[in-house]
Undergrad: 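Questions regarding the structure given below will be posed in turn.
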Amino acid sequence: MSGAEAQGEAVTDAETGSERESYTGQSIKRVEDYDILTGRAEYVHDITPPDCLHMALVRSVHPHARIEEVDVSRALDHPDCELVITGEDVKRDYHPMPSGLPGFEEWSLPTEKVTYAGESVAAVIAPDRYVAEDIADRVAVSYEKLDAVADANDARADETIIHESVGTNVPDGERFEFGSPSAAFEEADRVIEGEYSWGRISGVALETAGVVAQYDTDADAFDIDCNIQLHTLVDDTVYETLGYPPEKVRLNVPADVGGSYGTKIAIHRYCCLAAMASQYLDGTPVKFVEDRVENLQGGDMHSTERDYRVKLAVDDDGTMRGLDVWFVDDFGAYPRYPVNQVLKPLSVLTNAYQIDDVAYEYELALTNKTSQSAYRGFGVPSHLYALESVVDEAARELGLDPTEFRRQNLIPPEEMPYRLPSKNVYDSGDFPAAFDRIVDIVDENERVAGGLLDPAVVDERREDGYVRAVSPSIHVEPGVSGSDWTDRQRTDRSTLEARDRSDVDELPEHLRGRVRDDGSVEAFLATDSQGQGHRTIVAQLLADALDLTPDDVEVSHLDSVEAPTEYGTAASRMAVMLSGAADGLGSELKAQLRELGAEAFDSTVEEVVYRDGAVEHVETRERLTLAELAARDPEGEYTVASYDYQHPASVREEFDEALAGKLPVYPTAAFAANAPIVEVDTATGAVEILKFYSLRDCGTRLNPMIVDGQAMGGLAQGIGAALYEEFGYADDGQPQAITLFDYLLPSVKNMPDIELHHQETPSPYTATGAKGTGEGGMIDGPAAIAASLNAALAEFGVVADTIPATGHRVRRWLREAGVDPRGGGRDRGRGQDREAER
């Protein structure tokens with residue numbers, strides 16, 4: 001079904017008072033999908049210019065070693081070798097790559113030592129990628145092996161320093177105290193403490209990193225086709241490394257990208273090396289496509305790996321009084337852009353709970369692993385997992401039903417907008433109603449005869465050695481990140497107290513549009529897309545604004561030189577920012593077209609209305625269609641417009657304190673109430689999700705089908721994070737998951753039936769009432785699964801203190817608890833002893 005065939009809802013036009021069809025809010029099929037499904041979509045992997053050469057990389061086999069010599073003589077002797085680049089070449093002619101923290105000097109190719117297995121040491125250019133790989137094998141690198149450190153807690157001891165010039169493996173950390181956490185913990189009846197670990201995972205996109213670079217000798221400039229994410233925001237990692245001004249380095253991101261989820265933000269090394277190679281070769285285009293092993297081992301795409309200590313102060317009546325969170329985050333070899341995932345959890349510091357007194361502290365540790373980058377949720381999933389785990393432990397100690405304990409402490413709807421201790425504000429929502437509804441949905445469907453939680457079925461499965469349970473939980477997805485706070489870690493923090501609201505500089509969302517000769521409209525996105533459906537959303541909104549159909553609107557992309565610097569596709573921004581920009585652009589175009597109509601009718605603007613894709617004189621009924629208007633305006637004075645939608649928090653005083661203090665600002669609070677039903681095989685430790693119920697609220701659903709797709713995909717990633725995926729490392733720093741046989745992704749084989757429900761609480765802060773929804777599922781899924789797993793294991797006194805909860809880990813927990821898998825029984829005494837100890 002095309003956009004024109006979709007059934008819209010009738011809405012009243014504010015300008016004319018007439019009713020018209022609305023496409024916004026309807027499940028219109030994505031305009032992107034036709035090209036994808038018919039094979040017409042062009043990805044960067046498909047781009048191969050004439051005479052294009054190919055790059056292969058020589059990678060270190062050692063996690064930590066000094067480079068004694070890089071001998072390229074045998075490589076250069078190969079008849080097909082066009083070029084070999086070493087670190088000495090790069091250091092002589094170019095610049096180090098920008099770092100997430102001051103004091104670090106990272107080169108596209110190192111000269112002195114390697115700091116993780118898989119780090120690029122040399123680049124080989126040849127006519128064919130296969131030949132380039134063969135030539136790369138002829139590069140001989142001599143190393144002096146050094147001790148490696150692969151554990152963040154070991155790294156904190158600074159016994160093996162990775163960067164001698166910095167002098168420590170913990171280059172950053174900060175402690176925040178909001179309210180009076182010390183008093184809250186002193187006065188509370190109980191303090192519950194837990195330790196939890198979140199394993200290193202990432203979004204393993206279908207399409208790996210790719211780049212095609214060409215140097216223009218005449219213009220002394222670069223054209224770089226690549227699938228980098230946030231191409232207008234992180235282009236500095238390319239042009240600064242090359243040593244050129246931004247207008248000389250054009251990053252082109254195709255309209256179709258096979259996924260990123262944040263993981264392609266840091267592919268600038270590949271962009272720079274390919275561009276350097278093209279420049280050395282006098283403008284010959286150079287292409288590099290990362291293979292899957294390179295992607296998993298050293299592709300700069302791993303994300304959060306944390307160890308937590310969390311304390312919760314509670315009273316015996318179940319009131320949560322205070323929260324204390326400490327964690328160490330393993331960033332790998334360099335504090336790569338971006339490092340702000342350690343700060344983003346401040347935006348949902350207490351999740352959906354009303355807790356006034358909170359301490360939050362992190363240490364950023366470096367280890368001999370590939371550098372950490374962003375991933376969907378940006379540090380929030382692990383925070384919510386640790387918080388919900390200590391909530392479960394507190395409920396056990398208090399002897400309370402975890403469901404009642406959670407319900408008792410939820411932020412009530414009358415408190416909305418709700419100001420968190422960390423100064424961020426939740427815009428709207430009814431957490432208790434959503435929580436109660438998901439509980440009712442499970443009760444009505446599963447706690448009945450023949451249901452998954454039918455007591456008779458549960459008892460029968462227990463006798464066979466399987467335990468099953470559900471524990472509903474609710475989780476907030478912060479949306480629409482501000483940009484000003486994201487350089488806090490590169491800011492002199494002593495200056496923050498003197499900062500005020502006037503010092504804040506936020507980035508708007510830019511959108512351009514023009515009326516074409518045939519009366520259709522073309523819009524130009526300044527942000528890239530990784531498959532979220534941006535073009536569809538803009539087409540829907542502009543169709544509504546201009547009384548057209550989505551088929552009448554074509555959406556294209558601007559490159560990094562044409563587009564202004566903006567935040568782009570990250571942090572659940574685009575539903576809000578693009579819809580606001582499209583709404584504003586539609587209004588801007590209508591206003592300009594009325595001016596053109598007034599000029600044509602020789603009348604005032606007040607006498608001209610815009611109606612049904614045309615301008616009309618209110619008295620004479622003279623009418624000009626969009627095509628006729630375009631013919632009257634060949635220079636585009638009236639038929640071309642642009643609009644910059646301001647960040648919602650930047651115009652609201654309730655965010656002033658957070659903005660001035662460079663604290664995370666996320667003005668929308670989407671949320672999900674989840675109830676995954678899990679079953680544990682006590683003999684093997686295998687965990688199966690039997691069914692996943694989820695009630696979701698992202699404000700106005702601009703396109704329900706896209707919203708559901710985002711939720712399903714996010715929950716799939718959340719399930720992988722909770723149960724399967726992990727980039728393990730040996731003690732010596734060697735990676736243990738460098739193929740998809742080792743890194744286990746969820747598939748149709750282990751994906752449960754997911755039943756989605758929705759409620760809509762429009763945001764009062766955004767132009768369309770929409771909230772962010774792009775990180776949902778991954779943010780809330782792991783914590784929800786852990787809560788249900790804790791419920792299933794409660795009778796054994798076991799808490800899922802490590803994610804992913806793989807079969808061997810769960811079986812170990814059960815074995816330590818004295819569980820006898822034979823017939824589902826257990827050694828009651830040992831289990832009770834462990835419960836008493838906890």
Side-chain angles (χ1 to χ4, degrees), residues 198-206 229 259-265 301-306 329 338 340-341 344-345 347-348 351 372-389 473-481 530-533 569-575 666 668-674 676 689 692 694-698 706-727 743-747 750-752 754 756 771-789 803-805:
W198 176 275
R200 175 177 280 233
I201 60 170
S202 189
V204 181
L206 184 64
Q229 187 172 343
S260 175
Y261 321 108
T263 65
K264 289 175 181 164
I265 288 175
M301 48 73 79
H302 293 190
S303 193
T304 305
E305 180 182 3
R306 294 181 178 174
D329 201 340
N340 304 92
Q341 52 260 50
K344 181 175 177 178
S347 64
V348 287
N351 191 23
Q372 184 189 133
S373 186
Y375 177 39
R376 198 173 193 170
F378 210 36
V380 171
S382 54
H383 175 78
L384 295 183
Y385 154 68
L387 175 54
E388 293 301 331
S389 295
S473 52
I474 192 163
H475 315 93
V476 179
E477 175 190 355
V480 202
S481 172
Q530 289 77 44
Q532 298 92 335
T569 305
S572 297
R573 283 175 58 95
M574 301 319 295
Y666 288 77
T668 69
F671 57 95
N674 292 322
I689 303 173
F692 202 122
S694 185
L695 174 69
R696 315 191 71 81
D697 189 328
C698 64
I706 290 179
V707 170
D708 284 355
Q710 291 279 8
M712 291 284 191
L715 285 171
Q717 290 180 316
I719 289 167
L723 301 178
Y724 307 114
E725 301 179 39
E726 186 171 22
F727 287 106
Y743 189 85
L744 303 182
L745 292 167
S747 69
N750 43 32
M751 278 295 293
I754 298 176
L756 298 181
K771 302 182 180 184
T773 190
E775 294 178 316
M778 179 58 212
I779 277 182
D780 51 269
I785 294 166
S788 289
L789 184 56
I803 288 291

Undergrad: List the steps, then state whether side-chain hydrogen bond (donor to acceptor under 3.5 Å, both in side chains) holds for Ser473 with Asn674.
TA: CA-CA 6 Å; Ser473 52; Asn674 292 322; 5.6 Å; no

Undergrad: Quick check: do Phe692 and Ile785 have side-chain heavy atoms less than 4.5 Å from each other?
TA: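 Yes. Closest side-chain heavy atoms under 4.5 Å.
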
Undergrad: When you compare the side chain of Ile719 with that of Pro752, does any pair of heavy atoms fall below 4.5 Å?
TA: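 A side-chain contact under 4.5 Å exists here.
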
Undergrad: Can Met301 and Val204 be said to form a side chain to side chain contact (heavy atoms under 4.5 Å, CB included), step by step?
TA: CA-CA 8 Å; Met301 48 73 79; Val204 181; 4.2 Å; yes

Undergrad: Are side-chain heavy atoms of Tyr743 and Ile201 found at a separation under 4.5 Å?
TA: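 Touching, per the 4.5 Å side-chain cut-off.
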
Undergrad: Find the distance between CD1 (Ile779) and CD (Glu477) and round it off to the nearest 0.5 Å.
TA: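 Going from the CD1 atom of Ile779 to the CD atom of Glu477 covers 4.5 Å.
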
Undergrad: Once you round to the nearest 0.5 Å, how far does CD of Gln530 lie from CE of Met574?
TA: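 The CE atom of Met574 is 10.0 Å from CD of Gln530, to the nearest 0.5 Å.
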
Undergrad: Taking the side chain as every heavy atom from C-beta outward, state whether Ile689 and Ser788 have any atom pair closer than 4.5 Å.
TA: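 Of all side-chain heavy-atom pairs linking Ser788 with Ile689, none is under 4.5 Å.
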
Undergrad: Give the minimum heavy-atom separation between Gly772 and Cys698, together with the two atoms involved.
TA: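 Closest heavy-atom pair between Gly772 and Cys698: O-CB, 4.1 Å.
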
Undergrad: Quick check: closest heavy atoms across Thr263 and Gln229, and the distance to 0.1 Å?
TA: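 For Thr263 versus Gln229, the nearest heavy atoms are N-OE1, 4.2 Å.
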
Undergrad: Which pair of heavy atoms, one from Arg376 and one from Pro381, lies closest together, and at what distance?
TA: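 Nearest pair, atom of Arg376 first, then Pro381: O-CG, 3.9 Å.
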
Undergrad: For the backbone of Asp708 and the side chain of Arg696, can you confirm whether one donor and one acceptor N or O come within less than 3.5 Å of each other?
TA: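 Side chain of Arg696 to backbone of Asp708: no pair is present.
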
Undergrad: On a heavy-atom basis, which atom in Ile803 and which in Ala721 lie closest, and how many Å separate them?
TA: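 It is CG2-O, 3.0 Å.
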
Undergrad: Quick check against the 3.5 Å criterion: does Arg306 have a side-chain atom that pairs as donor or acceptor with the backbone of Gly379?
TA: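 Confirmed, Arg306 side chain pairs with Gly379 backbone.
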
Undergrad: Applying side-chain hydrogen bond (donor to acceptor under 3.5 Å, both in side chains) to Thr569 and Gln532, what does each step give before you reach the verdict?
TA: CA-CA 9 Å; Thr569 305; Gln532 298 92 335; 4.9 Å; no

Undergrad: Looking at Ser303 and Ser373, would you say the former's side chain and the latter's main chain have a donor-acceptor pair under 3.5 Å?
TA: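 Side chain of Ser303 to backbone of Ser373, a donor-acceptor pair under 3.5 Å: yes, one is there.
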
Undergrad: If you measure from NE2 on His475 to CG on Asn351, what distance do you get to the nearest 0.5 Å?
TA: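 CG of Asn351 is found 6.0 Å from NE2 of His475.
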
Undergrad: Has Lys771 got a side-chain atom pairing as donor or acceptor with Ala669's backbone, closer than 3.5 angstrom?
TA: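 Between the backbone of Ala669 and the side chain of Lys771 there is a qualifying donor-acceptor contact (under 3.5 Å).
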
Undergrad: Give the intermediate values and the outcome of side chain to side chain contact (heavy atoms under 4.5 Å, CB included) for residues Leu723 and Asn750.
TA: CA-CA 10 Å; Leu723 301 178; Asn750 43 32; over 6 Å; no

Undergrad: Does any non-hydrogen side-chain atom of Asp780 lie less than 4.5 Å from one of Leu384?
TA: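 Result no, sub-4.5 Å side-chain heavy-atom pair not found.
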
Undergrad: Rounded to the nearest 0.5 Å, what's the gap from OH on Tyr666 to OG on Ser347? Could you check?
TA: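 Answer rounded to 0.5 Å: 5.5 Å.
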
Undergrad: Can you tell me if Gln717 uses its side chain to pair, donor with acceptor, with the backbone of Met778 under 3.5 Å?
TA: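 Checking the backbone N and O of Met778 against the side chain of Gln717, no donor-acceptor pair under 3.5 Å is found.
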
Undergrad: Please report the interatomic distance NE2(His302) to CZ(Phe727), rounded to the nearest 0.5 Å.
TA: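 Between His302 NE2 and Phe727 CZ, I get 4.0 Å after rounding to 0.5 Å.
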
Undergrad: Once rounded to the nearest 0.5 Å, what's the spacing between atom CG of Leu695 and atom CZ of Phe671?
TA: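 Rounded to the nearest 0.5 Å, the CG-CZ separation comes out at 7.5 Å.
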
Undergrad: Is there a side-chain contact between Glu725 and Pro746, using heavy atoms and a 4.5 Å cut-off?
TA: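 Counting from C-beta outward, Glu725 and Pro746 do come under 4.5 Å.
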
Undergrad: So which heavy atom on Asp329 is nearest to which on Gln341, and how close?
TA: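 So the two residues come closest at OD2-CG, 4.4 Å.
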
Undergrad: Under 30°, 30 to 60°, or over 60°: which ring-plane class applies to Trp198 and Tyr385, parallel, tilted or perpendicular?
TA: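 Tilted.
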
